[in-house]
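The structure appears right after this line, and notes come after that.
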2 protein chains.
Amino acid sequence: MNETDASSRADAPRGASVAPGGPAAEASAVLGGAEPSAAEPVGPEASGPPGVPTMFDVARAAGVSHMTVSRVLNDRGGVSGATRERVRRVIADLNYTPSPAARAMANRRSGQIGLIQAGRPDYGPSNAALGFNEAAREAGYTVSQVSMRGVDAGALTQAVHRLVLQRVEAIVVISGERDGVEVTRGIDAGVPIVAVASEDEPGMHRVSMDQYAGAVRATEHLIGLGHREIRHVTGPDDSMDAAERRRGWADTLRAHGLEVREPLTGDWLAASGYAAGRDLLADVSATAVFVGNDQMSIGLLAACREAGVDVPGALSVIGFDDIPEAAFFAPPLTTLRQDFDGLGRDIMATVLDVLRDEAAAPDRTERVPELVVRASTAPPGRLPT
Amino acid sequence: MNETDASSRADAPRGASVAPGGPAAEASAVLGGAEPSAAEPVGPEASGPPGVPTMFDVARAAGVSHMTVSRVLNDRGGVSGATRERVRRVIADLNYTPSPAARAMANRRSGQIGLIQAGRPDYGPSNAALGFNEAAREAGYTVSQVSMRGVDAGALTQAVHRLVLQRVEAIVVISGERDGVEVTRGIDAGVPIVAVASEDEPGMHRVSMDQYAGAVRATEHLIGLGHREIRHVTGPDDSMDAAERRRGWADTLRAHGLEVREPLTGDWLAASGYAAGRDLLADVSATAVFVGNDQMSIGLLAACREAGVDVPGALSVIGFDDIPEAAFFAPPLTTLRQDFDGLGRDIMATVLDVLRDEAAAPDRTERVPELVVRASTAPPGRLPT
DNA sequence: TCCAAAAGCCCCACCATAATG
DNA sequence: TCATTATGGTGGGGCTTTTGG
């Protein structure tokens with residue numbers, strides 16, 4: 001019965017449709033009244049899809065096939081000017097917009113870029129994400145974002161998969177932590193992955209600012225002021241930025257024949273800077289500190305204040321990032337400004353490059369943080385307490 | 001000839017697919033070996049799609065029909081525990097996740113929620129967005145985000161339209177500024193819009209924290225310490241949060257029979273707090289200030305320091321938000337902690353409510369900011385300088 | 001409890017056809 | 001006869017629903 005059924009059903013609409021326009025349209029619309037003879041009492045106003053109009057509705061209204069509509073939609077050739085115009089008008093009248101889901105299925109591309117943001121929404125990442133989002137929009141892409149506070153490998157993997165299945169065309173990872181990048185690199189996503197990563201990550205596209213150069217500038221600023229004992233408060237172990245800044249600091253000290261002491265470690269938050277500050281102050285010889293970021297700096301400054309250590313009189317402090325509050329620290333913080341918005345735009349630019357030609361990695365030049373001198377650094381003076 | 005052709009072509013495929021098992025699966029997978037008689041040497045390991053696995057791959061591997069897989073996926077009854085387990089395992093093994101695009105088509109729902117984030121990515125909005133994002137994911141939704149630094153009406157309108165075209169099921173607006181909310185309210189998006197808004201916005205769903213109550217607590221804290229001249233630094237004019245906090249402050253002063261002086265105005269940034277501080281210090285009578293947020297507080301504290309005004313000795317300062325750095329200000333800031341992550345989750349909860357029944361607005365109870373007393377407030381002592 | 005089969009959902013790639021030159 | 005141009009037709013794509021065992 002199947003066959004009979006199928007063929008009969010298949011034929012009827014066909015026959016019917018020969019005269020008018022589309023095929024399937026009739027299938028779903030005409031249906032019952034299929035038999036051409038059936039006087040078409042199909043009361044319910046035939047189609048009557050109360051929902052959004054489909055391509056077939058447009059086709060019918062314009063008296064063309066759905067294919068022609070498709071061609072018009074995608075600005076493909078092979079449609080006469082007149083027809084194109086007519087279809088366009090109908091599209092406007094019906095307020096028709098193609099279903100992204102259907103498009104995604106058929107095209108295997110979604111016009112979406114996935115953004116994975118893992119970690120605390122600090123000043124840097126948030127602004128980079130914003131810059132990226134704006135750039136993506138300008139490039140005609142939509143951003144599907146997955147944010148997570150932690151950088152759990154499982155969650156990250158899940159996120160990548162979700163995005164891949166959404167048919168995103170590329171995945172961007174903004175996560176300071178190395179794990180966040182490593183994990184995603186291990187996944188054969190089938191789509192290019194672009195990560196913000198200041199260390200080289202073979203087999204993956206990356207974008208970053210020149211953390212190393214920034215650290216060099218910071219350290220040289222201190223050395224230039226006459227400091228010889230320069231400590232460092234680094235970020236978490238698995239932060240690539242932290243590693244690069246530390247490397248820049250250490251290399252610079254060495255280049256100047258200065259001693260490289262073990263850095264103190266923080267987690268980027270003010271509280272850890274405070275803790276590091278307390279430890280640091282036990283070291284009476286240091287006259288300057290290069291702190292991994294501004295947030296930790298404020299904590300460290302608090303520790304100094306508490307211990308009665310004058311900054312910059314007894315200790316010079318330099319931060320990194322130049323968050324908007326840095327100028328109002330006590331004292332105003334000398335730091336390195338990073339252009340996060342620019343970084344975000346660089347990310348999207350790289351995505352476009354990669355999408356254009358996966359192989360040709362155009363290797364964008366890195367932005368270099370800019371030294372902003374304020375009141376927390378000065379030539380070494382009296383020794384700490 | 002159309003007819004002949006059409007019918008013959010139409011029949012062939014139909015007839016062919018009738019025989020084997022699954023429909024589409026076989027079509028793309030088995031293909032040649034379709035004929036049941038074909039001894040199934042289907043060499044190429046059947047499916048072989050190098051891409052992501054489909055439901056049919058799972059079904060085959062688990063030895064069940066794709067329907068069962070579907071039931072398991074959607075937690076629908078009619079599947080024995082054992083089978084369910086087996087299918088689950090296979091799903092995990094294959095790292096299978098259903099294609100959102102296909103689901104969207106079949107379900108007529110995209111599973112996407114649009115998020116519009118307008119304005120600077122400050123601590124509050126960023127964390128609320130993060131909380132929302134996580135909650136959305138947990139609820140099985142995907143987030144399509146549109147971020148923009150400004151709150152330009154045109155851009156906002158554009159954003160809403162973009163999201164509607166994407167067929168998002170709801171739109172969330174996180175934008176402190178009233179304009180951001182007003183604009184989106186005027187749009188007949190066809191999908192529910194939920195906005196973070198602390199003022200009542202007729203004709204739109206809103207979520208917020210109780211800014212008013214927070215401000216009352218802040219003011220009462222100061223009054224409780226014995227202050228009688230309490231000034232206020234408010235946020236930008238078009239911030240609803242700012243308006244509510246100001247209202248809470250003013251009402252509380254009045255309730256205690258205290259004078260309500262014109263507040264100073266800032267833009268939430270530290271620099272504006274600094275400027276407000278300088279103005280404020282001209283007023284020698286004030287013994288306390290309720291500052292609209294923590295960022296402005298740090299600026300104001302800097303102004304005090306510069307002017308040699310002791311905090312809290314000569315002036316008590318209380319902020320709002322409790323950003324992680326607040327405890328390390330000079331002095332550590334008394335402030336009102338807001339649970340932004342919770343707010344984000346409330347947003348998603350509201351979205352779900354609304355999606356469930358647009359009419360029944362369950363009016364979630366607002367979270368109330370919590371007073372965190374630190375060192376920037378104290379009983380009034382010696383007068384300012 | 002579970003399988004089988006088929007009909008969509010909406011669109012696009014690809015092929016077929018018709019009418020022109 | 002062979003390109004060319006303008007259309008129409010078919011077959012998925014992956015999943016849910018429905019109907020029928």
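Each chain gets a letter, A, B and so on, in the order the sequences are listed, and its residues count up from 1.
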Spacing between A:M105 atom CE and C:dC10 atom P, to the nearest angstrom: 13 Å
A:M55 CE - C:dG8 P separation (whole Å): 19 Å
Output the rounded distance in Å from CG (A:L73) to C1' (C:dC10). 12 Å
Expressed in angstrom and rounded to an integer, what is the separation of B:R167 atom CZ from C:dC11 atom C1'? 12 Å
In whole angstroms, the gap separating P of D:dC15 from CD of A:Q166 amounts to 14 Å
Between A:E85 (CD) and D:dA6 (C1'), how many Å, whole number? 17 Å
Does A:N95 have any side chain to side chain donor-acceptor pair (under 3.5 Å) partners at least two apart in sequence or in another chain, and if so, which? none
Given atom CZ of B:R108 and atom C1' of D:dG14, what is their separation to the nearest angstrom? 16 Å
Side chain to side chain donor-acceptor pair (under 3.5 Å) involving B:T184 - partner list, sequence neighbours excluded: none
Check: B:N133 side chain, A:Q145 main-chain N or O, donor-acceptor pair, under 3.5 Å: yes
Within the structure, does a side-chain N or O atom of A:S80 lie under 4.0 Å from either OP1 or OP2 of D:dT7? yes
I need the B:S144 OG to A:Q112 CD distance, nearest 0.5 Å. 6.0 Å
Please enumerate all protein N or O atoms sitting under 3.5 Å from an N or O of nucleotides 17-21 of chain D, with distances to 0.1 Å.
from: D:dT17; atom 1: OP2; to: B:R76; atom 2: NH2; distance (Å): 2.9

Among all residues two or more places apart in sequence or in another chain, which pass the salt bridge (charged side-chain N to carboxylate O under 4.0 Å, His left out) test with A:R76? none
Any A:T68 side-chain N or O less than 4.0 Å from OP1/OP2 of D:dG8: yes
Pairing residues for B:R71 by the side chain to side chain donor-acceptor pair (under 3.5 Å) criterion, not counting sequence neighbours: none
Strand-adjacent residues in residues 88-104 of chain A, judged by heavy atoms under 4.0 Å from DNA chain D: A:A102
Hits for salt bridge (charged side-chain N to carboxylate O under 4.0 Å, His left out) against B:R345, two or more places apart or cross-chain, chain-then-number order -> B:E134, B:E138, B:D341
Using side chain to side chain donor-acceptor pair (under 3.5 Å) as the criterion, list what pairs up with B:Y141, not counting sequence neighbours. B:R109, B:E169
For A:G81, answer base if it contacts any base atom (sugar-phosphate contacts may also be present), sugar-phosphate if it contacts only those atoms, and nothing otherwise; contact means non-hydrogen atoms under 4.0 Å. nothing
Test salt bridge (charged side-chain N to carboxylate O under 4.0 Å, His left out) applied to B:R137 - qualifying residues, sequence neighbours left out: none
Figure out the CZ/P separation between A:F56 and C:dC11, and round it to whole Å. 8 Å
